[in-house]
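Report on the following structure.
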Amino acid sequence: MEEDRRGAIEQYAQALKSGQKYYRNAVANGRYPFPPALDEIVDERNSAGRQELGVIEIPSELIVGTKVVSRQAAFAGNFMPLLDSNSEFGTKWINLCAAHLGDTGIREPIKCYEYLGRFYVQEGNKRVSVLKSFDSPRISGNVTRILPVYSEDPAVQLYYEFLRFYELSHLYQVRFTRLGNYEKLQAALGMEKDQVWTEVEQRRFLAGFTRLQDSLKNRGEKDPSAVAGDVLLSWLAVYPFSELNDMTASALSKALDSIQKSVESVAHDQPIAVSTEPPEGQKSLVNKLLGFVRSEHVTAAFIYTAAPEDSRWIAAHENGREYLERALGERVTTMSYVCSIDEAQKTMETAIAEGADAIFAVTPTLIGACRKIAALHPQVKVLNCSLTAPYPGVRSYYSRMYETKFVAGAIAGAMSENNKIGYVADYPIFGVPAAINAFVLGARCVNPRAQVRLRWSCLELDPVGSLQAEGCTVVSRQEGISRPKKDRDWSLYMLTDENKIRPLASPSWVWGRFYERVVRSMLNGSYGSDSGYTAINYWWGIRSGVIDVELADDLPDGIKRLAKLLINGVAEGRIEPFRAELTDQVGRRRNEGMHGLSPEEIMTMDYLLDSVDGYIPAFDELRSEAKPLVRYLGLYRDYLPPEKEEATQL
């Protein structure tokens with residue numbers, strides 16, 4: 001008993017020293033030195049009501065203040081004491097501390113209020129002070145929640161998202177600064193949107209999450225709890241949750257190093273920098289932002305998920321690789337590898353071991369392997385063919401195909417004899433809604449009576465057949481690869497009375513020009529480095545030459561001239577497909593028509609215009625073979641739980 005009291009006296013002395021230091025620093029820096037009082041923060045009469053939560057385990061770092069002003073003066077802002085040990089307050093604190101050190105312990109829950117995720121003590125301030133002095137991670141408390149009135153205030157909106165998350169998890173530990181992240185976390189952990197956590201899942205999560213916070217603290221992070229949520233989301237994009245507990249401390253620290261750029265990008269409002277023109281055209285800007293890295297020779301590895309003869313998409317990139325070799329000769333060496341998604345990281349490691357200093361992974365599903373390789377081999381330039389991939393260290397590349405689809409739509413509108421035009425989209429992924437909408441705008445520009453009926457190849461086996469059955473005589477399909485070799489290769493065609501295909505036009509990629517320009521930028525130093533936190537997304541259009549519209553030889557001369565005028569107008573910036581009055585299918589005005597849309601608005605377009613006859617399918621509607629790609633690049637990718645066999649289950 002006496003030993004407990006001596007220990008309590010020593011503990012008070014240390015706590016008093018900590019409190020006085022906090023007080024002095026706060027005053028010197030113009031900060032409030034006492035715990036804030038809830039009564040001065042919110043008038044409960046103007047709140048949205050109360051919720052009684054009962055007794056819960058409160059994360060001690062979230063207990064930040066008192067309920068009333070009169071309880072403040074005895075404590076510094078860190079809840080450490082300010083009064084002398086001989087005071088009545090000091091005596092009670094020491095007695096309480098001695099009980100905590102003895103057999104009795106501190107068992108009675110405090111009574112407090114929670115507001116916007118922070119806790120304010122009404123009864124039990126000294127208990128909180130004692131337990132905080134011992135760095136207790138949790139403090140038992142009987143909690144009353146005061147609800148703020150819902151408003152447009154981002155803090156209030158984020159809090160209401162947290163409340164939904166709390167209903168499922170009953171956890172206060174995870175904090176985010178961005179809307180939508182609580183739902184993303186639920187999905188990233190392999191849980192359905194409305195799945196309620198079990199006690200086992202809660203314990204497993206807290207074990208791993210606490211270890212993450214401890215590692216951040218050991219790495220010098222001043223407030224680990226403030227950033228741990230963002231770090232966790234970046235972690236789950238690369239590593240399974242289970243490895244938080246399985247890794248050694250040093251391995252965990254190294255893994256956190258590998259995702260540091262992604263963590264930093266989350267903290268900034270614009271983590272993706274869009275390059276809308278080839279590097280040569282932005283040389284001074286890119287070099288200024290990213291620095292010079294010149295090369296005398298580039299060895300580029302192309303990673304395929306299928307053999308070129310089995311996939312039109314892979315064949316297009318293989319043509320691009322061969323074009324690159326012809327264009328740059330001895331200054332470039334290329335290698336190609338075919339692998340499954342599961343073997344992609346191992347294959348990329350092999351390519352690096354064989355001399356690759358640049359990797360082009362040509363399908364979006366390889367982004368996970370790309371992120372790991374970029375983290376482990378920062379000296380290697382890693383690029384993934386995808387759109388809006390916000391991952392520093394991996395550059396993504398795609399093309400503004402909506403420009404070519406606008407031209408194709410105008411041709412379709414002019415050629416349609418019954419005003420019925422069919423459009424087959426492949427996947428509900430970023431870039432596709434923009435292409436559909438641009439096609440419809442092009443068709444309606446020349447034919448206001450045009451009706452564009454949308455079908456999806458990811459939903460039905462024969463979408464073209466169903467469009468033909470509805471009377472559509474002009475059909476737009478998947479983009480082509482360079483100049484089509486056969487009639488069936490053309491992406492825009494007309495069905496003749498004899499039910500034969502009459503080619504009209506074919507929006508197409510010319511990947512070789514893209515690869516040549518990017519590799520040249522590596523050679524001449526305009527490529528830059530990935531030392532910053534900004535993710536780079538190449539998104540070039542008709543002007544760059546990496547996409548084009550092939551016109552059929554027998555396309556009527558007038559329509560051919562119109563198409564060429566549109567192509568040149570788009571390339572020169574005189575024609576902007578989305579510089580128009582735009583209203584979506586739910587009646588929301590998306591543009592007044594006085595200006596075009598920004599690259600970010602077009603890239604992330606996730607709606608269809610009211611003139612489209614069709615809809616964007618939900619994930620559950622997709623055919624099974626379409627789902628893997630949509631998980632990586634889909635419009636709702638951030639909110640999809642991983643597949644069960646790959647899920648980061650707790």
Side-chain angles (χ1 to χ4, degrees), residues 14 18 21-22 25 29 31 58-64 77-80 117-118 132-138 171-178 181-182 184-185 188-189 202-269 271 290-291 345 368 370-380 382 390-394 529-535 648 650:
Q14 295 175 9
S18 175
K21 180 179 179 181
Y22 182 97
N25 289 340
N29 291 283
R31 292 184 286 108
I58 307 168
S60 59
E61 72 269 14
L62 298 183
I63 303 176
V64 299
N78 61 353
F79 258 98
M80 294 300 100
R118 301 294 183 268
K132 275 181 172 281
S133 76
F134 285 99
D135 293 325
S136 295
R138 290 173 292 277
L171 296 176
Y172 265 99
Q173 282 81 353
V174 186
R175 294 157 59 183
F176 289 115
T177 57
R178 290 179 178 273
N181 278 359
Y182 284 107
K184 290 179 184 178
L185 175 62
L189 290 171
Q202 293 172 15
R203 289 196 298 270
R204 288 177 178 170
F205 177 83
L206 286 178
F209 191 64
T210 300
R211 192 155 188 260
L212 175 63
Q213 289 179 304
D214 290 343
S215 184
L216 292 172
K217 184 176 181 180
N218 292 336
R219 289 160 56 86
E221 182 64 49
K222 293 181 179 180
D223 187 5
S225 62
V227 300
D230 292 335
V231 174
L232 179 60
L233 277 182
S234 295
W235 173 279
L236 292 174
V238 180
Y239 301 99
F241 182 86
S242 59
E243 291 194 20
L244 282 173
N245 284 321
D246 296 340
M247 284 184 176
T248 64
S250 60
L252 177 56
S253 181
K254 184 176 181 180
L256 289 174
D257 285 337
S258 73
I259 63 171
Q260 185 61 35
K261 289 181 181 178
S262 293
V263 174
E264 291 174 355
S265 73
V266 172
H268 295 79
D269 291 334
L290 302 176
Q345 183 180 351
C370 287
R371 294 191 66 189
K372 292 181 180 179
I373 288 296
L376 295 172
H377 302 278
Q379 79 284 2
V380 177
V382 182
Y391 309 126
V394 179
S529 66
D530 283 327
S531 58
Y533 57 77
T534 302
T648 313
L650 294 175

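Annotation: the span from L236 atom CG to K184 atom NZ amounts to 12.5 Å, rounded to 0.5 Å. Atom CZ of residue F134 and atom CD of residue Q14 lie 8.5 Å apart, to the nearest 0.5 angstrom. To the nearest 0.5 Å, the span separating OG on S136 from CZ on R138 amounts to 9.5 Å. For the atom pair CZ of R211 and CG of N245, the computed distance is 6.5 Å after rounding to the nearest 0.5 Å. If you take CG on L212 and CE on M247, they are separated by 11.5 Å, rounding to the nearest 0.5 Å. Atom CG of L244 is separated from atom CZ of R204 by 14.0 Å, given to the nearest 0.5 angstrom.
N29 places no side-chain N or O within 3.5 Å of a backbone atom of R31 that could act as its donor or acceptor partner. With hydrogens and angles disregarded, no donor-acceptor distance shorter than 3.5 Å links the side chain of K132 to the backbone of N78. A distance-only check finds no donor-acceptor pair linking the side chain of W235 to the backbone of D230 [under 3.5 Å].
Paired with S215 under the rule side chain to side chain contact (heavy atoms under 4.5 Å, CB included), one option of R219, K217, Q213 passes, and it is R219.
Partners of R118 according to the side-chain hydrogen bond (donor to acceptor under 3.5 Å, both in side chains) rule, which considers only residues two or more places apart in sequence or in another chain, do not exist here.
Side-chain contact check for S253 and N218: no donor-acceptor pair (N or O, by modelled atom type) lies under 3.5 Å.
Using a 4.5 Å cut-off on side-chain heavy atoms (C-beta onward), L232 and V174 make no contact.
The heavy-atom pair separating S18 from M80 by the smallest distance is OG-CG, 3.6 Å. Taking all atoms of both residues into account, the shortest heavy-atom contact from C370 to V382 is CB-CG1, 3.7 Å. The two residues L216 and A228 make their nearest non-hydrogen contact at CD1-CA, 3.9 Å. Here the closest heavy-atom approach between residue G208 and residue F241 is recorded as CA-CZ, 4.0 Å.
Aromatic ring orientation, F209 versus F205: parallel (interplanar angle below 30°, classes split at 30° and 60°).
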